[in-house]
Amino acid sequence: MIDTAPRLAAFIQAFDGTGWVAIDTEADSLHAYPEKLCLIQISTAAGDELVDPLARLDLAPLFAAIADREIIMHAADYDLRMLKKHHAFTPRAIFDTMLASRLLGDRQFGYSHLVQHYLGVALEKGAQKANWAVRPLAPRLEEYARNDTRYLKPLADRLTTDLEAAGRVEWHREACARLIRDSTRPSAVDPDAWRIRGSQTLNRRGLAVLRALWRWRELEAIAADRPPFFIMSHEVLVSIAAAAALGKPDNPIEALLPKHISDRWRTGVGSAVMEGMAVPDPQLPDVPRKVIERLSDAEQKRVTVLQARRDARATDLKIDPTLIANRTMLTDLARNWDEHAGQLMAWQRELMAP
């Protein structure tokens with residue numbers, strides 16, 4: 001594993017001038033909070049290597065060396081988000097093997113399946129939930145990680161040949177560019193992230209308590225470097241908020257707390273409950289009302305026409321109809337074609353046009 005500056009420099013020099021780069025990443029969101037990038041797998045014509053982003057290396061030279069290349073990836077959206085978030089890296093172009101396989105009509109497009117189907121190589125499965133932050137990595141995990149990029153180049157070559165034969169190379173190029181754009185766009189902070197599963201049953205006072213409890217749990221999760229559900233489950237937070245809002249003496253909050261909870265956490269929960277109960281009535285969170293925008297009869301007829309057109313095109317092309325337009329897009333187009341057609345990629349727009 002590359003975990004020192006000299007090793008990194010030698011690796012960059014070794015693949016300098018090679019024509020292709022394949023990348024995958026492993027992150028930890030099961031054992032850490034917030035999630036952290038634990039491993040970067042890179043394959044080039046010079047070989048397959050593992051780069052350790054936890055070794056506090058300056059990876060800027062690495063990303064500078066690959067910045068202008070087309071990078072081969074599989075199901076790149078999550079990897080793109082991780083590289084952007086942790087290393088401010090956005091590739092110029094990618095070749096996504098999953099997108100390519102879907103555009104060719106494959107209905108099973110997991111990496112292992114594609115490698116087996118196109119290259120005849122059976123890969124080991126079952127390491128997806130491993131703790132990639134542990135050092136040293138077990139030899140089995142190292143081999144598993146290297147395999148994630150080892151076959152991307154030959155797989156991309158096979159898929160490129162088929163895309164060319166089908167006349168869909170430009171479709172794939174446009175889809176990959178859209179994926180880069182969407183996956184590296186800054187994410188807006190969700191002010192309602194605290195409205196967790198079960199919160200719809202609470203009144204306004206209960207929502208205020210839940211919001212305070214959620215904030216307490218977030219701080220504890222970050223301090224402990226553990227996912228929030230290890231601190232306290234959604235169900236317990238909602239139950240405490242409901243009990244506090246009702247104020248029934250026969251349903252004490254203490255009875256709802258997990259067994260063996262520390263005194264510090266018990267105090268934190270109590271403080272959060274008091275914070276929520278002290279919110280003035282005019283400042284209580286609103287109970288959300290679900291607004292259903294119903295289609296008019298004319299719009300529903302247009303949805304039916306558009307769906308029939310989409311499905312006919314997909315059948316002819318032997319691809320998943322949602323690749324052309326999903327249900328939400330069909331509805332938007334039915335409401336106002338001129339306003340929403342620009343959201344389609346060029347090849348999608350051509351297929352959806354009358």
Side-chain angles (χ1 to χ4, degrees), residues 25-39 53-54 77-78 81-82 84-86 126-135 141 186-290:
T25 66
E26 299 294 346
D28 181 12
S29 60
L30 184 62
H31 307 90
Y33 192 75
E35 65 189 354
K36 58 187 174 183
L37 185 62
C38 298
L39 197 65
L54 301 181
D77 52 348
Y78 186 74
R81 293 179 200 280
M82 289 294 98
K84 176 68 173 181
K85 176 180 178 180
H86 294 281
Q128 293 92 337
K129 294 185 178 180
N131 187 348
W132 294 99
V134 171
R135 297 293 183 271
L141 290 182
S187 300
V189 177
D190 182 6
D192 290 328
W194 57 270
R195 292 183 185 270
I196 55 179
R197 183 181 64 252
S199 63
Q200 69 276 6
T201 64
L202 299 175
N203 60 23
R204 295 182 69 198
R205 180 61 61 188
L207 290 173
V209 174
L210 176 64
R211 181 174 60 188
L213 287 167
W214 183 88
R215 290 170 177 167
W216 165 81
R217 188 180 67 170
E218 282 291 294
L219 292 175
E220 289 293 340
I222 292 170
D225 192 26
R226 300 279 279 172
F229 63 83
F230 280 108
I231 307 301
M232 199 168 286
S233 70
H234 285 359
E235 292 77 12
V236 171
L237 292 188
V238 172
S239 296
I240 293 173
L246 292 173
K248 291 184 177 180
D250 61 340
N251 190 17
I253 292 173
E254 181 71 24
L256 299 173
L257 295 174
K259 294 180 179 179
H260 312 301
I261 187 173
S262 69
D263 290 339
R264 186 170 67 82
W265 281 13
R266 180 178 283 103
T267 300
V269 170
S271 297
V273 169
M274 287 190 293
E275 178 188 334
M277 295 299 291
V279 174
D281 287 352
Q283 299 175 20
L284 292 173
D286 290 326
V287 175
R289 287 181 169 80
K290 191 172 183 179

If every non-hydrogen atom of [X] is compared with every non-hydrogen atom of [Y], which pair is closest and at what distance?
X	Y	result
Leu30	Phe230	O-CE1, 3.3 Å
Trp132	Ala27	CD1-O, 4.3 Å
Arg135	Cys38	NH2-O, 2.6 Å
Val209	Ala241	CG1-CA, 3.8 Å
Pro227	Ser29	CG-O, 3.5 Å
Ala133	Leu54	CA-CD1, 3.8 Å

Check: Val279 main-chain N/O paired with Arg205 side-chain donor or acceptor under 3.5 Å: yes
Do the side chain of Asp225 and the main chain of Ala32 share a donor and acceptor less than 3.5 angstrom apart? no
Are the charged groups of Glu235 and Arg197 less than 4.0 angstrom apart, N to O?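 Arg197 and Glu235: salt-bridged.
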So [Y] and [X], do their side chains get closer than 4.5 Å, heavy atoms only?
X	Y	value
Trp194	Arg211	yes
Thr25	Leu39	no
Leu207	Arg195	yes
Asp281	Arg204	no

Roughly how far, to the nearest 0.5 Å, is the [atom2] atom of [Y] from the [atom1] atom of [X]?
X	Y	atom1	atom2	result
Met232	Ile240	CE	CD1	5.0 Å
His31	Arg226	NE2	CZ	7.5 Å
Leu213	Ile231	CG	CD1	13.5 Å
Met274	Met277	CE	CE	11.0 Å
Glu35	Asp28	CD	CG	9.0 Å
Glu275	Trp216	CD	CH2	13.0 Å

Using salt bridge (Lys or Arg N to Asp or Glu O under 4.0 Å), reason through Glu220 and Arg264 one step at a time and then give a plain yes or no. CA-CA 10 Å; Glu220 289 293 340; Arg264 186 170 67 82; 2.8 Å; yes
May I ask you to check whether Arg217 and His234 show a side-chain donor-acceptor distance below 3.5 Å? yes
Please say which of Val269, Thr267, Val273 ends up in a side chain to side chain contact (heavy atoms under 4.5 Å, CB included) with Ser271. Thr267
Arg81 to Tyr78 six-membered ring, cation-pi geometry met (6.0 Å, 45°):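 Not flagged: Arg81 not positioned over aromatic ring of Tyr78.
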